[in-house]
Amino acid sequence: MMRSTFDTAANWRPLLLTLLSCLPFAWLLAHGKGLLLLLACILALPAVAMLYFRHAIGRATLERAAFDTLLAVFLLAGVVHERLGLPLGYVLEAGLFFLLPVLWLFNRDTCRHDVSVNAFLWLFGLAHGLLLLSTFLGRSHAMAAAWQLMYNAKLPLMLLCAGLFLHRDRLMPSLRRMVLVLLLLCLPALLLEQTAPSVFLQVFGGIPAWQHNELLGGSFNKNRAIFTHSGYLAAYAAYAVITVWFLFDRSLRFFYGYAALVVLVLLLSGQRQETLGVVLGIAAVYAVKHRHNVLVWLFPAAGAVLLAWGLWLGGIAELDLFAQWGLGRGQLSERAELYVGGIRAAQQYFPLGAGLGTYGGAGAQKFDLTLFQDLGFHRFWWFRKELFLVDTYWPNLFAEGGWFCALLVLLSYLALGAGLVRRIMQPVSPLQLRLASAGLACWVFLLMNSPTSPLLTDPRGAFLAWLLIGWALITPKQEAVSP
């Protein structure tokens, strides 16, 4: 077996590269907060140690520590931020950039030989090459552009993080532990939120948002449990549903109890789009598996007909929602206005767009609202009071990089989807089939939510989904080359 160059701590060059790559991104994220920089470094230590000391300490211990650290940040970031004021979400993002050289070292063979991952990285990189060109030729400001570039770069880093966990025999126990911890934390919080909302707010903090739960009806409201928003609860419940359904062994004790509880958590979130995304993701997997059976395609078609029938008969909330998107009489919603403004910006700055950090993203929202103002957004009260969220994904891409840039990004996602479909159609093992099934369901879930949510690039809500996708695409190749 070939000896790895990085098996010992004596080789200091990768460590130096790691530290140097961390500094500008951590500074940008910390924005003058030394505590945030310190926490980001602490978060990245298990993975860095995994690379340098895996033979001395034991890789199984380090992998478990790294995964449990991520899991703790996933689930506790909202509570810690509300009660202690520590921005763990930003810490997670800074840790991603801290790990940049480590991720390259762990995944270089996969990125070289795996067609789908390689195509994704090239297409995504080419799209951001165009974004950089539009930044120099457009109207970008340095800080806003740097922030937005960093925001976009988190997506491939989340995918490549799957390469840090190479051994599948330790993957399944970690996922079972993840589902169990999610249920143990969320179910008591949901019970308290539904029965004693004032006590819940005293314990978990945050702003009350009494919105009716259209999924369950009755006296049920949308719930957020330990998270800062019901959308995050729905996202993690969705990943738990996909994990239990495709990766848990049916012979496992209490399997159907696990399945019922994670579905209950998803329904209690009250998020219709995330729930529909899970259904479509699971349906897509079965459609690929049974592509020669026409009956399988009848179920999604029947579901679409029933959904349309329900909306037509009495879905007042849904009809209002359609009107907000210009499909009826009514004022356009904030999201719809973001699309309208994004199209105008793409046409005005055709073909390269306005540049990074100018429209529809975190960079513009934090540092540069001038393009919003030029497009007439000052006429909206929610913009004047800064009560708007840039909770869409695609307008940011085609407004800042042009239509061709958005097309390249879409093709990069389709390359990943094609790789997952190929692994389902031609699996090399039953375990790869299960991983690819979970990965495809998560891929459909993320893409289906992308028109009205920036979840794709938000580590607090999408990290686990990208890990599941990465385990399906990266792990099979890595097993052949891992030391």
Side-chain angles (χ1 to χ4, degrees), residues 24-25 28 93 96-97 100 117-160 334-377 388-417 446-447 449-459 462 466:
F25 297 108
L28 194 60
E93 297 177 18
L96 277 174
F97 292 101
L100 181 58
V117 175
N118 197 28
F120 166 77
L121 292 175
W122 275 104
L123 289 167
F124 197 85
L126 183 57
H128 282 75
L130 289 178
L131 272 170
L132 289 175
L133 181 60
S134 69
T135 299
F136 288 111
L137 300 178
R139 53 181 293 166
S140 298
H141 294 161
M143 191 65 177
W147 190 282
Q148 189 62 45
L149 179 62
M150 177 194 61
Y151 187 89
N152 294 352
K154 292 179 295 189
L155 193 152
L157 294 181
M158 288 189 286
L159 176 71
L160 295 177
E334 292 89 336
R335 290 188 179 102
E337 293 290 356
L338 284 173
Y339 271 88
V340 173
I343 293 172
R344 290 173 57 195
Q347 294 172 341
Q348 181 178 347
Y349 292 93
F350 183 84
L352 291 176
L356 282 165
T358 57
Y359 183 86
Q365 187 182 35
K366 288 180 178 292
F367 301 106
D368 183 13
L369 295 175
T370 56
L371 182 54
F372 282 99
Q373 294 165 353
D374 292 347
L375 292 171
F377 274 75
F388 70 103
L389 296 174
V390 285
D391 51 353
T392 58
Y393 180 71
W394 298 103
N396 166 251
L397 283 175
F398 54 71
E400 293 187 351
W403 296 110
F404 189 58
C405 171
L407 177 61
L408 287 174
V409 173
L410 177 61
L411 290 176
S412 71
Y413 297 146
L414 293 178
L416 291 179
L446 291 176
L447 265 292
N449 281 276
S450 66
T452 58
S453 171
L455 186 67
L456 270 170
T457 51
D458 186 356
W466 285 113

Looking only at non-hydrogen atoms, find the nearest pair between [X] and [Y] and report the distance.
X	Y	answer
L159	W466	CD1-O, 3.9 Å
L375	A345	CD1-CB, 4.3 Å
F120	A415	N-CB, 4.2 Å
T457	K154	O-CE, 3.4 Å
S134	L352	CB-O, 2.9 Å
L447	P451	O-CD, 3.4 Å

Report yes if some heavy atom in the side chain of [X] is under 4.5 Å from a heavy atom in the side chain of [Y]; otherwise report no.
X	Y	value
L371	Y349	yes
W147	K366	yes
F377	L369	no

Any donor-acceptor pair under 3.5 Å from S140 side chain to L356 backbone: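 It does hold such a pair.
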E400 side chain to G357 backbone, donor-acceptor under 3.5 Å: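 Flag set: sc E400 to bb G357 pair under 3.5 Å.
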[atom1]-[atom2] distance between [X] and [Y], expressed to the nearest 0.5 angstrom:
X	Y	atom1	atom2	result
I343	Y339	CD1	OH	9.0 Å
Q347	F398	CD	CZ	9.5 Å
D458	M158	CG	CE	7.5 Å
L397	L131	CG	CG	7.0 Å
Q148	N396	CD	CG	4.5 Å

Matching residue for L456 among N449, N152, L446 - test: side-chain contact (heavy atoms from CB on, under 4.5 Å):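 Per the side-chain contact (heavy atoms from CB on, under 4.5 Å) rule, the option paired with L456 is L446, out of N449, N152, L446.
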Parallel, tilted or perpendicular: rings of Y413 and Y393 (30°, 60°):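 Y393 vs Y413 ring planes: tilted.
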Parallel, tilted or perpendicular, as decided by the 30° and 60° cut-offs, for the rings of F372 and Y359: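 Parallel, since the angle between the ring planes stays under 30°.
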Audit row: D374, R139, side chain to side chain contact (heavy atoms under 4.5 Å, CB included) steps and yes/no: CA-CA 12 Å; D374 292 347; R139 53 181 293 166; 3.0 Å; yes
